[in-house]
Trainee: 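Next up is a structure, given as structure tokens.
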Amino acid sequence: MIKNSDKVDICIVGTGYVGLVSGACLAEIGHRVVCVDSDDKKINLLKKGIMPIYEDGLKEIVHKNVKKKRLFFAKSIKEGLHHKGHRAEAVFIAVGTPPRPDGSADLSAIEKVAEEVAKNMSDYTVIIEKSTVPVETCRWIEKTVTRFNKKHIPFDVASNPEFLREGSAVSDFLNPDRVVAGVPSKQAEFLFKKIYKPMKHSQIIITDVKSAELIKHASNSFLSTKISFINAVANVCEKTGANIDDVAKGMGLDKRIGSSFLKAGIGFGGFCFPKDLEAFYWLSAQKGYNFELLKNVQDINESQKMWIVKKIEEELWNLKGKTIALLGLAFKPNTDDMRFAPSIDIINALKKLGAKVKAYDPVSMENAKKVIKGIEFSKNPYQCLKNADCACLITEWDEFKKLDFKKVLMLIKHPILIDGRNLYDPAKMRRMGFTYKSLGRP
Ligand code: UGA
């Protein structure tokens with residue numbers, strides 16, 4: 001039975017970017033939310049008010065909703081489902097789905113959650129899949145829950161893909177372009193509408209479960225395609241003398257194309273696009289469709305990362321013993337996330353060529369130290385640039401927009417700046433005395 005109240009009792013399993021942000025935001029719009037994680041350390045930190053991830057505005061809404069007694073943390077699904085006299089009507093699954101070596105998604109964590117929920121639910125429950133998963137995952141969740149649901153408690157499995165971006169996760173969650181709800185029954189649809197009712201300005205799209213699962217895959221793959229497309233166009237601009245900024249602007253003003261995700265750079269990274277692209281390709285192949293376009297998107301992205309290495313070689317010739325300073329390490333600004341960051345492949349390539357690498361990132365240094373070895377981490381951009389043979393802009397953090405370039409010119413050995421994100425104005429940089437290279441801009 002769905003309770004007769006505007007507030008929904010929710011349990012969210014997984015306190016990563018999606019789980020924790022969704023939990024905090026669902027509490028912010030008035031629901032009672034218990035966030036569960038099997039990682040005791042994370043839950044202990046959260047109970048102390050310490051965020052395990054860096055995300056703008058997250059700490060504030062977590063603290064606020066804990067204080068208002070709308071947001072709680074628990075170490076087991078059992079506790080999350082029956083928390084201080086409250087029974088969860090909706091259980092969101094937001095656990096990790098890392099890629100396996102063949103590119104398919106590893107869904108074993110989801111299976112475990114499904115089993116635990118089945119063993120602990122006590123009345124009608126809607127189990128909502130929020131992680132990015134291949135089509136038919138919900139069908140597998142349903143099978144698993146049925147197998148372990150010995151008391152035959154009624155339940156539905158629904159899909160509610162999340163479209164938030166790291167770095168703007170809280171505001172993306174609270175102001176979505178759309179909410180997609182893939183539901184198998186009217187009862188589940190009713191609960192969804194209740195959950196998202198306070199977000200009056202957002203459109204809810206009700207679909208069947210498989211379509212909802214596919215919407216997420218198709219959206220992420222389309223956005224990746226847009227980025228690889230504009231990067232390929234930037235390469236043509238470079239060869240023809242056209243200007244990618246003007247070309248992207250001219251294209252983007254066409255409403256059918258749109259101007260977002262048309263920023264040329266050294267490729268996309270992060271835990272979503274590379275993984276989802278691979279998983280969508282794999283899934284299509286499994287179903288007998290060769291989605292070759294997605295392979296091309298991947299290939300363009302891989303070669304795009306090496307653009308910066310080629311440019312350094314064009315300026316410095318041999319890299320053996322030369323010092324390269326990298327500004328930025330995270331896969332994009334405003335996040336400490338280093339997963340699939342282009343900087344990792346770029347650093348590996350530079351090290352292979354015998355270069356010494358120095359790097360600085362405003363926020364992701366601690367995470368970077370865990371995955372990058374054999375380079376010098378600097379305390380600030382100036383220490384990083386001191387005596388470097390060449391500077392490379394990898395991540396377009398605001399801090400790098402405001403660099404004191406007069407100081408940089410005094411510190412750096414050669415005034416060479418390779419801009420992997422087209423952050424600076426070419427004419428201005430050259431006027432200041434830099435040998436300046438950017439993507440597809442004359
Ligand atoms: C992406 C999607 O944008 C979200 O909608 C989705 O919910 C999320 O994946 C997910 O599946 O969880 P995110 O990975 O946080 O979000 O990052 P984006 O802001 O989309 O950027 C991804 C990458 O594309 C970054 O490396 C960024 O530098 C690059 N990018 C983005 C470009 O190179 N050019 C652009 O014009 C835009």
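What you see is a predicted model; the values in this text were computed from it and never measured. Order of listing sets the numbers, starting from 1, for every ligand and every atom in it.
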Trainee: Does the pair K310/E313 count as a salt bridge with the N-to-O cut at 4.0 Å?
Mentor: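 E313 and K310: not salt-bridged.
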Trainee: Check each of F273, F261, F173 against atom 2 (C) of ligand 1 and report the one with the nearest heavy atom.
Mentor: F273
Trainee: Which of the atoms in ligand 1, numbered in the order shown and given with their element, are less than 4.0 Å from a heavy-atom of E166?
Mentor: 15 (O)
Trainee: Of all the atoms in ligand 1, which lie at a distance below 4.0 Å from a heavy atom belonging to C272?
Mentor: 8 (C), 9 (O), 10 (C), 11 (O), 12 (O), 14 (O)
Trainee: So is G270 close enough to ligand 1, meaning a heavy atom under 4.0 angstrom away?
Mentor: no
Trainee: For residues D172 and S168, is any side-chain donor paired with an opposing acceptor at under 3.5 Å?
Mentor: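 Yes, S168 and D172 have a side-chain donor paired with an acceptor closer than 3.5 Å.
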Trainee: Which atoms of ligand 1 are found less than 4.0 Å from any heavy atom of N220?
Mentor: 2 (C), 6 (C), 9 (O), 10 (C), 11 (O)
Trainee: Working to the nearest 0.5 Å, report the span between CD1 of I416 and SG of C392.
Mentor: 9.5 Å
Trainee: Below a 4.0 angstrom heavy-atom separation, can you tell me which part of D172, side chain or backbone, both or neither, approaches ligand 1?
Mentor: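 D172 to ligand 1: no contact under 4.0 Å from either part.
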Trainee: Looking at K112 and E116, is there a salt bridge between them, counting it only when a charged N and a carboxylate O are closer than 4.0 Å?
Mentor: no
Trainee: Compute the minimum heavy-atom distance from K226 to ligand 1 and say whether it is under 4.0 Å.
Mentor: no
Trainee: May I ask which of F340, F163, F271 has a heavy atom nearer to atom 4 (C) of ligand 1 than the others do?
Mentor: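 Nearest option to atom 4 (C) of ligand 1, by heavy atoms: F163.
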Trainee: Does a salt bridge link E28 with K64, judged by any charged N lying under 4.0 Å from a carboxylate O?
Mentor: yes
Trainee: Classify the side-chain pair E399/Y360 by whether it contains a donor and acceptor separated by less than 3.5 Å.
Mentor: yes
Trainee: From the options K332, K130, H217, select the one whose nearest heavy atom is closest to atom 13 (P) of ligand 1.
Mentor: K332
Trainee: Is there a heavy atom of K216 sitting under 4.0 angstrom from any atom of ligand 1?
Mentor: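 The answer is yes: ligand 1 sits under 4.0 Å from a heavy atom of K216.
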Trainee: How far is atom 34 (N) of ligand 1 from its nearest protein heavy atom, and which residue and atom name does that atom have?
Mentor: K263 O, 3.0 Å
Trainee: To which protein heavy atom is atom 30 (N) of ligand 1 closest, and what is the distance rounded to 0.1 Å?
Mentor: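 Nearest protein contact, heavy atoms only, for atom 30 (N) of ligand 1 is I227 CD1, 3.4 Å.
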Trainee: Could you identify the single nearest non-hydrogen protein atom to atom 3 (O) of ligand 1 and state the distance to 0.1 Å?
Mentor: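 Scanning the protein heavy atoms, the shortest distance from atom 3 (O) of ligand 1 goes to R165 CG, 3.3 Å.
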Trainee: Decide whether the shortest distance between a heavy atom of G265 and an atom of ligand 1 is less than 4.0 Å.
Mentor: no
Trainee: As an exercise, state the distance from CG of D37 to CD1 of I77, rounded to the nearest 0.5 Å.
Mentor: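 D37 atom CG to I77 atom CD1 measures 10.0 Å (nearest 0.5 Å).
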Trainee: State whether F340 and K275 meet the cation-pi test: NZ (Lys) or CZ (Arg) under 6.0 Å from the six-membered ring centroid, and within 45° of the perpendicular axis.
Mentor: no
Trainee: Check this for me - ligand 1, F268, N or O atoms closer than 3.5 angstrom, yes or no?
Mentor: no
Trainee: When rounded to the nearest 0.5 angstrom, what is the spacing between CD in Q304 and CZ in F268?
Mentor: 10.0 Å
Trainee: Below 4.0 angstrom from a heavy atom of E162, which ligand 1 atoms are there? Numbered from 1 as shown, please.
Mentor: 7 (O)
Trainee: Do the numbers put R339 on top of the ring of F331, so that NZ or CZ is under 6.0 Å from the six-membered ring centre and no more than 45° off the axis?
Mentor: no
Trainee: Could you check atom 7 (O) of ligand 1 against the protein and tell me its nearest heavy-atom contact, residue, atom and distance included?
Mentor: L164 O, 2.7 Å
Trainee: Going through the checks in order, is the ring-ring contact (aromatic ring centres under 6.0 Å, His included) test met by F271 and Y17?
Mentor: CA-CA 10 Å; F271 199 53; Y17 282 96; 9.4 Å; no
